Amino acid sequence: MSSDTETLSEQGGETQDPNSNPVKTEEAKLKAKYPNLGQKPGGSDFLMKRLQKGQKYFDSGDYNMAKAKMKNKQLPAATGPEKSIVTGDHIPTPQDLPQRKSSLVTSKLVG
Amino acid sequence: MCVCSLCVSAPRAAAGVGGGNDFQWCFSQVKGAIDEDVAEADIISTVEFNYSGELLATGDKGGRVVIFQREQESKNRPLSRGEYNVYSTFQSHEPEFDYLKSLEIEEKINKIRWLPQQNAAHFLLSTNDKTIKLWKISERDKRAEGYNLKDEDGRLRDPFRISTLRVPVLMPMDLMVEASPRRIFANAHTYHINSISVNSDHETYLSADDLRINLWHLEITDRSFNIVDIKPANMEELTEVITAAECHPHQCNVFVYSSSKGTIRLCDMRAAALCDRHSKFFEEPEDPSSRSFFSEIISSISDVKFSHSGRYMMTRDYLSVKVWDLNMENRPVETYQVHEYLRSKLCSLYENDCIFDKFECCWNGSDSAIMTGSYNNFFRMFDRNTRRDITLEASRENSKPRATLKPRKVCTGGKRKKDEISVDSLDFNKKILHTAWHPKENVIAVAATNNLYIFQDKMN
């Protein structure tokens, strides 16, 4: 019985052996670097991030209130690569949001 | 049970020169700036030939479309035979901000799809993340002269000074190519549009985002039909998104969509209004012993394309290209490794996000060969008949007119032969995500970041 299921999986598309070792090594490397990396590989977190692409958090009311409270102090700016996902206590500032500019220049593919 | 007649194979497109023989690809042209500093807006995001191959359209991250037209062969300029020159350029999409959802909408052109030509004008659909537009590109080579109420320079004439009446005459003028937006299909996608596909009925088209697919009529902009909806009731249960979709080339009731889990669903619009239940489900069984953290990510399909014949479809995942027979759901009929040597680099490719790069793939006109891109400005071609494959490079060094491209090789082992390049020396910022093959001839367009390369087969 078990040999039947083994045969079935061997017939599967993934090319065997020489490849599974390097991938396992790579996986071990990743787990060593990021031990808390998602229990579900490639699952919900990664998909949610994909769906949230483009989401910006900027509330002018919050921003101005925070500015008023802080008076002369600087508002902490978002740091790190996750600039776009800003939640919690940090109030996004206009500096955190990349400037949008419409393209008026002709493409360089033209002559 | 699906009753669509997928067994009927449509006549194959006329074989291009060299079907079965090895191609000899030569450099033809390169478009774009040479400077090292690439502005983000100049990054090419889509490339598409029209049905005749006469026109070649590109879209970029800056929301601009540039259309090239092939020069007619003429005795006067034999050297420019078959060259593509700029025909029209326009700003298709602008950046937007959805204030209600606090969502920034990129102007990047995700896809361009041509409509079959029905009159003198050319039509194409271009889309960004949220809005699809139908553009009309038309030529004007005549202009009316001799108006009664205004001068040639447009100034209004004093009506009391006009003593005679004349009929305006059409006079030839320098060719002017105008692009105008004829339809704007907006507000139908909550998530980001990844695909558009014109139906074979030439009246409808589909647009797909991460979770839904809509069917539109080209004439109607205020309504679209939702035909696939995979959004779970509870978003916490989300496990899969739609990555690409395409209409069948001949059967207007059939379309396919691929997923981030490496599966393809074929749907028949005659079976039900909502095609949540597929007619066919294509998935290659995975070897459980090779399962890893990366398995699902690298199995995610980035592109799906029907063959011209309509009998096969091709899917691209991170490391391979697979050809499926529509009559066989349990495994592909052909698998081609694009850059298998990357398997030992998955950790760093995950860290630098390259593992999420979405490569496209394409068929040649006769379906005998397929092409897809890789890193280091390499692109790969596979001949389905001879099973031979070749790696070529799009670079300025190989850009002498009509210079034959030399095959490239990546060395994986210790000893690197002369002319080979080692995996660690590959430039992962030079990615070829978008390629296109002329529908009838052996002419290919390859987008290398901000440059567009055009190569032709020597025997062309």
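Lettering of chains follows the sequences in order, A, B, ..., and the numbering in each one begins at 1. It should be emphasised that the depicted structure is a prediction, and the values quoted were computed from it without experimental measurement.
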>> Under 4.5 Å from any heavy atom of chain B, what part of A:Lys31 do you find: side chain, backbone, both or neither?
In response: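 Neither part, no heavy atoms under 4.5 Å.
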>> Taking every non-hydrogen pair under 4.5 Å, which of B:Ser102, B:Ser344, B:Ala33 racks up the most with chain A?
In response: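 Top option by heavy-atom pairs under 4.5 Å: B:Ser102.
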> Under a 4.5 Å heavy-atom cutoff, which of B:Lys31, B:Lys261, B:His93, B:His192 has the most pairs with chain A?
Replying inline: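 Highest number of heavy-atom pairs under 4.5 Å: B:His192.
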> Is any side-chain heavy atom of B:Leu238 less than 4.5 Å from a side-chain heavy atom of A:Met48?
Replying inline: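 Answer yes - side chains close enough.
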> Are any of the side-chain heavy atoms of A:Leu109 and B:Ile44 separated by less than 4.5 Å?
Replying inline: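 A:Leu109 vs B:Ile44: side chains touch.
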> Partners of A:Lys29 by salt bridge (charged side-chain N to carboxylate O under 4.0 Å, His left out), sequence neighbours excluded?
Replying inline: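 Listed in chain order: A:Glu26.
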Roughly how far, to the nearest 0.5 Å, is [atom2] of [Y] from [atom1] of [X]?
X	Y	atom1	atom2	result
A:Leu30	B:Leu346	CG	CG	9.5 Å
B:Arg64	A:Thr106	CZ	OG1	7.5 Å
A:Glu27	B:Tyr350	CD	OH	11.5 Å
A:Ser107	B:Gln91	OG	CD	10.0 Å
B:Leu103	A:Gln55	CG	CD	5.0 Å

> Has B:Asn234 got more than 12 heavy atoms of other residues, nucleotides or ligands less than 6.0 Å from its CG?
Replying inline: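 Yes - once you tally the heavy atoms of other residues, nucleotides and ligands closer than 6.0 Å, there are more than 12.
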> Can you tell me if CE on A:Met65 sees more than 12 non-hydrogen neighbours from other groups inside 6.0 Å?
Replying inline: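 No, the 6.0 Å shell around CE holds no more than 12 heavy atoms from other groups.
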Is it the side chain or the backbone of [X] that comes within 4.5 Å of chain A heavy atoms, both, or neither?
X	value
B:Leu211	side chain
B:Asn450	backbone
B:Glu351	side chain
B:Phe90	neither
B:Ser320	neither

> Between A:Arg50 and B:Asp210, is a side-chain contact (heavy atoms from CB on, under 4.5 Å) present by the stated rule, with each step listed?
Replying inline: CA-CA 9 Å; A:Arg50 179 189 171 130; B:Asp210 291 316; 3.0 Å; yes
> Do A:Lys53 and B:Glu104 pass the salt bridge (charged side-chain N to carboxylate O under 4.0 Å, His left out) test, and can you show the C-alpha distance, the side-chain angles, and the key distance before you say yes or no?
Replying inline: CA-CA 8 Å; A:Lys53 173 193 145 192; B:Glu104 185 179 66; over 6 Å; no
>> On a heavy-atom basis, which atom in B:Arg343 and which in A:Val23 lie closest, and how many Å separate them?
In response: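 Scanning both residues completely, I find the closest heavy atoms to be CG-CG2, 3.3 Å.
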